[in-house]
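Just so it is clear: chains get the letters A, B, ... in the order the sequence lines come, proteins before strands, and each one is counted from 1. Every value quoted in this text rests on a predicted model; they were computed, and no experiment measured them.
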Amino acid sequence: MLPIDAAAHSSRWRRRHPVDKAVLGFGLTALALCLPPWPGAALVALTALAVLLGPAGVPGRRLWRACRVPLGFCVTGAATLLVQVAGPEGFLSLADDGPARAGEVLLRTSAASLGVLLFAFTTPMSDLLPRLVRAGVPAPVVDVALVTYRMSFLLLDSVRRVREAQAARLGHTTRAAAWRSLASLGATAFVRAFGRAARLQDGLAGRGYDGALRVLVPEAGVSGRFACGSVALLGSVTALTFVLEGPLT
Amino acid sequence: MSPVSQETGQGASTIHEVLERVCPVMHIAEGFLPPAHAVAWGVASAPFIVHGVRSLTREVREHPESTLLLGASGAFTFVLSALKLPSVTGSCSHPTGTGLGAILFRPPMMAVLGTITLLFQALLLAHGGLTTLGANAFSMAIVGPWAGYALYRLLRRYGAPLMAAVFFGAFAADLSTYCVTSAQLALAFPDPVSGFWGALGKFGSIFALTQIPLAVSEGLLTVFVMRLLVQS
Amino acid sequence: MSEPALVALRGASFSYEDGPLVLSGLDFEVREGRALALLGRNGSGKTTLMRLLSGGLRPDTGELTLQGRPVAYDRKGLTRLRTTVQLVVQDPDDQLFAASVAQDVSFGPLNLGLPDAEVRARVDEALTALDIGHLADRPTHLLSYGQRKRAAIAGAVAMRPKVLVLDEPTAGLDPDGRERLLATLDGLREGGTTVVMATHDVDLALLWADDAALLTPEGVRCGPAATMLPRTGLLRQAGLRLPWGVAVARLLRSRGLPAGAAAPRTPEELAALFVPGAEPEGAEAPR
Amino acid sequence: MSEPALVALRGASFSYEDGPLVLSGLDFEVREGRALALLGRNGSGKTTLMRLLSGGLRPDTGELTLQGRPVAYDRKGLTRLRTTVQLVVQDPDDQLFAASVAQDVSFGPLNLGLPDAEVRARVDEALTALDIGHLADRPTHLLSYGQRKRAAIAGAVAMRPKVLVLDEPTAGLDPDGRERLLATLDGLREGGTTVVMATHDVDLALLWADDAALLTPEGVRCGPAATMLPRTGLLRQAGLRLPWGVAVARLLRSRGLPAGAAAPRTPEELAALFVPGAEPEGAEAPR
């Protein structure tokens, strides 16, 4: 299944209130964006990594696998900062401050990503989505998101099985076959999704489904101590950044 | 894990592989944009998303059963964007799904469904990000669907055959998405010498030009899918 | 029995839009406390009948009654029906929509407008009854098939129905899972729930059910399982076969081995028909 | 038999990403012409084993061989594998993705690059073998479950595989549908296809299979069905029960009724063990 999702459901911090984890995770992400990249983002990245691998208990291998994805984009994007267009040395030339800018962007992205991953790796959607109503998101939108979440897994599973069945009948051997397979895969996914919705409708009718998907939110309290600790941690990272900024630059 | 690999043209066997092993996803990554830009794109997207949320809420109030159908549409959008698209040139990418989504579900709905999809991609797959959600939503959930839908309607009005309109609609949705992404990056990272336009050239040649064959692919896929859907 | 049936269909006909008549002039009733097996071939209307009973469909003609009183298909009537009859469909994925098991089970009680504490109590009760208390916070998409099946049943049980109707509950379960599920159903029955089960499996029906209802082209035929299921002609009409034990006992009897007239439900009962005596070791009953 | 197995796994291990080992050091082979039943509890790895055999998954260690030669997981090797082994999954909807039955069945032959006439011939042949020639032009979503199941099998048969692997082919079918499907499989076997079937149903396995392979926590145990399926300890390890006939025969024997040592597969065979004689009327064999 989806590794981050699976990890979140068995996370050590599963029982913590999402607000606890949001303060810490998104706080780190905000700092990554707002503090000067050097040494701020570097400190944020180190802190986030320490929390993720330490108290939050996220396995390093899983974390690395999740990080690889955005890294591809970042490296491509940052690489473009290395060159400049129409400078004095020709149409394309190396930019003087290119490496520095690219480095800064990479640092900032990594740090910001780790902050969000701290939240994502410890907070399953089942704890987050129903609570969004209290945060002011209209209930119908949350309901739709809930169904989207649940059905995405069913649909991904179907798509996986259909692809395998297509491969078994050599559906990916030639380019023409691959197109034929992909098109029917897309159409099948569509038909499946709406067939599922219709049957779910029948399945839920008996329990009083009227368009609203009411569910009980798991009991968890916002921990004052955890929040204070998080704020203190964020504060120290900020302070340390300003202390170190002078000597390091 | 050793599923029979994609590279030999055979089926993927875990969802993980279906999703991400094959090729990069062109969402702007977490923290890539400076704070001011992140906020500005969020503000720019907000009215469209609010408009979409209003029409979704109205739809659900009038037709309570549509909650599940909209959820199914969201799941379909999510899964479609996870498929691997064979390109005419041999490189590969995922379809944006915004053109097909806009034609099937209309742009205001896509603003919401697209944003939900982006949120899930950010939190479940680490594709894109929360700070860049506004920027990504602007390109993928707003400009793409509207551009694709507008062209589709225009072509239909002037008598173009259904499938031609579908092709150009999906093509335009895909390409406009990546043009906007390039522009967003160019605005955030202007070239030291030639400024915004130079940067647009750089990012455009990476994110938009390489996308032209992929946009053709997405157009073709959308036509094939639509043809099957119309048939059945 | 003069007491009115818990739930009953009287002269009910039904056809899907633009389709042929699936059920016509059907009489069917569920009696309190009697385990009822609903048998019939694919396409005989088992699922339609169950959806009529649980209010998912409304009969074109005829009526559905609860304890003798006709059901009104308005909000109040449907709420009364839903707290009396709950249907569990065959594919658990058609019933599970929420991100976690406990959340899914809480859906029905919340729709009844109960206060949170009461809902929580019902969720706990249902999860305990289904023996999946440890799965409460697990996401539905990470459960095994058997676990999803239990979660779907828990969602129905949390409505505290008088009648629980299950469509092919043992389909897709292995022998162990099947046995555990049957034990769970026995527990629910002891707790006062009347259980109705649709199945293809005549052996299971004979073993588990007090009464059997056979859907034949001529209508539904009800009676005690032990007298209904040895009736070759009736079973053939319903597209079914004789249960193993019954078939063997009949063959042996017809060949002159003396035996009682009972319908044996297990290999032990069958063997005891011929050679009454203590149970030997090492021979387990298939269920 | 010194002839190499048609398909075999040697020392194969497999685990899903981030998951525990599903199969480890597994040896398994399919011999030409032998009907093979694959038995085991849910989660024992039956489906994984079948996906390994048909090339949907690749073993982490060990190898898959076709007629003694290891399979190369490149385009050529996989094409060879897929024209030798075809898997039919449990849910036919996962295998039907074209608009009409004939279109769906033609998918494989078209991908083999065959000329149109040949494709047409193969489609006709497959539809005839599955007895669904009359459904050729029907849209797949309008078929009944049993018809969809047949259409899915036809899609695999059109690849003319030497080995057809079926995952729980009788699940969800009523007794009639089941009997018809088994007759169809007999027809395919007569045509020279080797059939492998995964099932929970020990009675079915004993009745249908030449050989049985039991997936136990200690590995897979293979042998002739008639000698494997009466082994109580082995069956218990695999989470299964004794077949009905075997259980009854054992009980009767242990109580002093004289009988041979064979494993009876039907009520008739069971009765004949004790009272050899002509078949009486009116007692049908459950299958």
Does any heavy atom of chain B fall under 4.5 Å from the side chain of [X], the backbone, both, or neither of them?
X        : answer
A:Ser113 : both
A:Ser110 : neither
A:Ala139 : neither
A:Gln201 : both
A:Tyr149 : both
A:Ala32  : neither
A:Leu154 : neither
A:Leu185 : side chain
A:Leu129 : side chain

Side-chain contact test, heavy atoms from C-beta onward, threshold under 4.5 Å: evaluate it for [X] versus [Y] and give yes or no.
X        : Y        : result
B:Val53  : A:Pro138 : yes
A:Val147 : B:Leu70  : no
A:Met125 : B:Leu124 : yes
A:Thr29  : B:Thr131 : yes
B:Leu125 : A:Leu2   : yes
A:Ser184 : B:Phe224 : no

Can you tell me if A:Thr148 uses its side chain to pair, donor with acceptor, with the backbone of B:Gly71 under 3.5 Å?
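Judged by distance alone, yes, a pair lies under 3.5 Å.
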Heavy-atom cut-off 4.5 Å, strictly under: side chain, backbone, both or neither for [X] against chain A?
X        : value
B:Leu104 : side chain
B:Leu185 : side chain
B:Ser205 : neither
B:Leu221 : both
B:Pro95  : neither

Side chain to side chain contact (heavy atoms under 4.5 Å, CB included) evaluation trace for A:Leu182 with B:Leu83:
CA-CA 8 Å; A:Leu182 190 67; B:Leu83 298 181; 4.3 Å; yes
Pair B:Ser73, A:Phe194 - check side chain to side chain contact (heavy atoms under 4.5 Å, CB included), show working.
CA-CA 8 Å; B:Ser73 316; A:Phe194 285 89; 3.3 Å; yes
Heavy atoms only: give me the nearest [X]-[Y] pair and the separation to one decimal.
X        : Y        : result
A:Ala145 : B:Phe120 : O-CZ, 3.4 Å
B:Gly31  : A:Ala112 : CA-CB, 3.6 Å
B:Val225 : A:Ala183 : CG2-O, 3.5 Å
B:Pro64  : A:Asp210 : CB-O, 3.2 Å
B:Ala126 : A:Ala66  : CB-O, 3.6 Å
B:Val60  : A:Gly211 : CG1-O, 4.5 Å

Please rank [options] by heavy-atom pairs under 4.5 Å with chain B and give me the top one.
options                              : result
A:Gly115, A:Pro140, A:Ala8, A:Ala120 : A:Pro140
A:Ala198, A:Ala177, A:Ser152         : A:Ser152
A:Arg108, A:Arg150, A:Arg101         : A:Arg108
A:Leu200, A:Val144, A:Leu204         : A:Val144

Hey, what do you get for [atom1] ([X]) to [atom2] ([Y]), rounding to the nearest 0.5 Å?
X        : Y        : atom1 : atom2 : answer
A:Leu146 : B:Thr67  : CG    : OG1   : 10.5 Å
A:Asp5   : B:Leu123 : CG    : CG    : 10.5 Å
A:Leu156 : B:Phe78  : CG    : CZ    : 6.0 Å

According to the interplanar angle, ranging from 0 to 90°, do the rings of B:Phe105 and A:Phe190 count as parallel (below 30°), tilted (30 to 60°) or perpendicular (above 60°)?
parallel
Of A:Thr109, A:Leu33, A:Leu106, the residue whose pairing with B:Phe32 passes side chain to side chain contact (heavy atoms under 4.5 Å, CB included):
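Output: one option passes, namely A:Thr109.
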Let's go through B:Phe189 and A:Val105 carefully: what are the C-alpha distance in whole Å and the side-chain angles of both, what is the deciding distance for side chain to side chain contact (heavy atoms under 4.5 Å, CB included) to 0.1 Å, and is it a yes or a no?
CA-CA 10 Å; B:Phe189 302 99; A:Val105 167; 3.3 Å; yes
Any chance you could lay out the side chain to side chain contact (heavy atoms under 4.5 Å, CB included) test for B:Phe76 and A:Arg192, step after step, and finish with the verdict?
CA-CA 9 Å; B:Phe76 174 67; A:Arg192 283 293 187 96; over 6 Å; no
